[in-house]
Amino acid sequence: MNIANKTILITGANRGIGRALVDEALRRGAKRVYAGTCGPLQIADARVTPLTLDVTNAAQIRRAAEDIGTLDVLINNAGVAIYDNLSNLDAIEQQLAVNLFGVLKVTRAFLPLLKRSKGAIVNHLSLAALAPLPIIPGYSMSKAAALNMTQSLRALLAGQGIWVHAVILGPIDTDMNRGFDIPKAAPEAAAHSIFDGLEQGDEEIFPDPASQSVAEGWRAGMAKTLERQFAAFVPPSVANAA
Ligand SMILES: NC(=O)c1ccc[n+]([C@@H]2O[C@H](COP(=O)([O-])OP(=O)(O)OC[C@H]3O[C@@H](n4cnc5c(N)ncnc54)[C@H](OP(=O)(O)O)[C@@H]3O)[C@@H](O)[C@H]2O)c1
């Protein structure tokens, strides 16, 4: 899908990768960028519309979906990562609420618009979805579940002309991993690669050097083979719902 002239909603758009995606979408000629944020946001470009959107807030999700008339691309970028050791259930629930259920609730709310435009859903996942990082196991669980959900959405929505992309991110230089002393890619470079992957139609997008190192293995691997085989089990009533 070409980004030029498209309408795009990005959650968590006030900082980090989300903010870089807003700039990259504008550079590629997007017609309108809805920038979802929990607080106020000022971006001096008439093509950007700030949108109050806490992805755990049902009323805000409903209002956002009512306020937007058309949508081509939904980017589920908002996320939280909490350092834990699986002893704090509240922390695990908080991460599931944003990283898993927030993505699903926002996606469901905007599905009617995406069906109409035959648009795309882009879910921001992590290398920690493929193998858990033991310093953030609750986060890893939430991203693994969100990857699995993304694969189901891809199978369930394919017949309705909606593309579903999984972005498998490695370390990016944002607030999220500020205290983690490892090589990190710039958010601007990641944003550029994410839109390249979207425009190329890549099911999985590996937008940074760390994630690119596993791309070939993922694409040729058993999990991908099984995903394709299992996609045949989409119920006919769903497959024909276009
Ligand atoms: N940075 C990395 O190394 C890395 C690696 C793998 C995956 N990712 C994923 O990439 C995405 C963006 O991460 P980032 O590095 O840009 O993180 P970040 O700099 O910490 O920014 C997180 C963004 O998510 C927003 N957010 C958090 N909870 C929200 C909620 N309930 N509703 C709406 N927005 C919410 C934040 O808004 P506030 O400013 O209001 O808190 C902020 O805009 C996340 O899904 C993350 O898991 C990042």
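Since the model is a prediction, treat every value here as computed from it, not as a measurement.
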Chemist: Under a plain distance cut-off of 3.5 Å, with no hydrogens placed, do Thr150 and Asn123 share a side-chain donor-acceptor pair?
Modeler: yes
Chemist: Begin from the C-alpha positions of Val103 and Val98 and carry the test side-chain contact (heavy atoms from CB on, under 4.5 Å) through to its verdict.
Modeler: CA-CA 7 Å; Val103 174; Val98 177; over 6 Å; no
Chemist: Regarding Asn14 and Thr37, do their side chains bring together a donor and an acceptor under 3.5 Å, going by distance alone?
Modeler: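 No, no side-chain donor-acceptor contact under 3.5 Å.
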Chemist: What is the distance from atom CD1 of Ile136 to atom OH of Tyr83, rounded to the nearest 0.5 Å?
Modeler: 6.5 Å
Chemist: Does the pair Glu188/Arg27 count as a salt bridge with the N-to-O cut at 4.0 Å?
Modeler: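 The answer is no: the pair does not qualify as a salt bridge.
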Chemist: Would a distance-only check, ignoring hydrogens and angles, find a side-chain to backbone donor-acceptor pair under 3.5 Å from Glu24 to Phe195?
Modeler: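 Absent.
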Chemist: Which atom pair, heavy atoms only, marks the closest approach of Leu114 to Leu71?
Modeler: CD2-O, 3.8 Å
Chemist: Of all the heavy-atom pairs spanning Val22 and Ala35, show the shortest one and how long it is.
Modeler: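 Of all heavy-atom pairs spanning Val22 and Ala35, the closest is CG2-CB, 4.5 Å.
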Chemist: Can you classify the ring geometry of Phe233 versus Phe230 as parallel (below 30°), tilted (30 to 60°) or perpendicular (above 60°)?
Modeler: perpendicular
Chemist: Testing Ile82, Leu89, Asn88, Asn99 one by one against Gln94 for a side chain to side chain contact (heavy atoms under 4.5 Å, CB included), which residue passes?
Modeler: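 Exactly one candidate clears the test, Ile82.
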Chemist: Whether Arg219 and Glu216 form a salt bridge (side-chain N of Lys/Arg under 4.0 Å from carboxylate O of Asp/Glu) is what I want to check.
Modeler: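 The answer is no: the pair does not qualify as a salt bridge.
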Chemist: Do Thr56 and Phe101 come within less than 4.5 Å of each other through their side chains, counting heavy atoms only?
Modeler: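 No, their side chains stay 4.5 Å or more apart.
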Chemist: On a heavy-atom basis, which atom in Val55 and which in Ala78 lie closest, and how many Å separate them?
Modeler: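 Residues Val55 and Ala78, closest heavy atoms: CG1-CB, 4.2 Å.
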Chemist: Is the shortest side-chain N to carboxylate O distance from Lys184 to Asp208 below 4.0 Å?
Modeler: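 Answer for the salt bridge query: no.
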Chemist: Salt-bridge test for Arg63 and Glu66: reply yes if a basic N is under 4.0 Å from a carboxylate O, no otherwise.
Modeler: no
Chemist: More than 12 heavy atoms of other residues, nucleotides or ligands under 6.0 Å from CG of Asp175: yes or no?
Modeler: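 More than 12 heavy atoms, drawn from other residues, nucleotides or ligands, come within 6.0 Å of this atom.
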Chemist: How far apart are the closest heavy atoms of Pro209 and Ala185, and which atoms are they?
Modeler: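 Closest approach of Pro209 to Ala185: CD-CB, 4.1 Å.
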Chemist: Rounded at 0.5 Å granularity, tell me how far OG in Ser87 sits from CD1 in Ile92.
Modeler: 8.0 Å
Chemist: Supply the atom-to-atom distance Asn2 CG to Arg28 CZ, rounded to the nearest 0.5 angstrom.
Modeler: 9.0 Å
Chemist: Looking only at non-hydrogen atoms, find the nearest pair between Glu227 and Glu203 and report the distance.
Modeler: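 Minimum heavy-atom contact is OE2-OE1, 4.4 Å.
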Chemist: Would you check if the side chain of Asp173 reaches a backbone N or O of Ala186 as a donor-acceptor pair within less than 3.5 Å?
Modeler: no
Chemist: Is there a donor in the side chain of Arg32 and an acceptor in the side chain of Thr49, or the other way round, less than 3.5 Å apart?
Modeler: yes
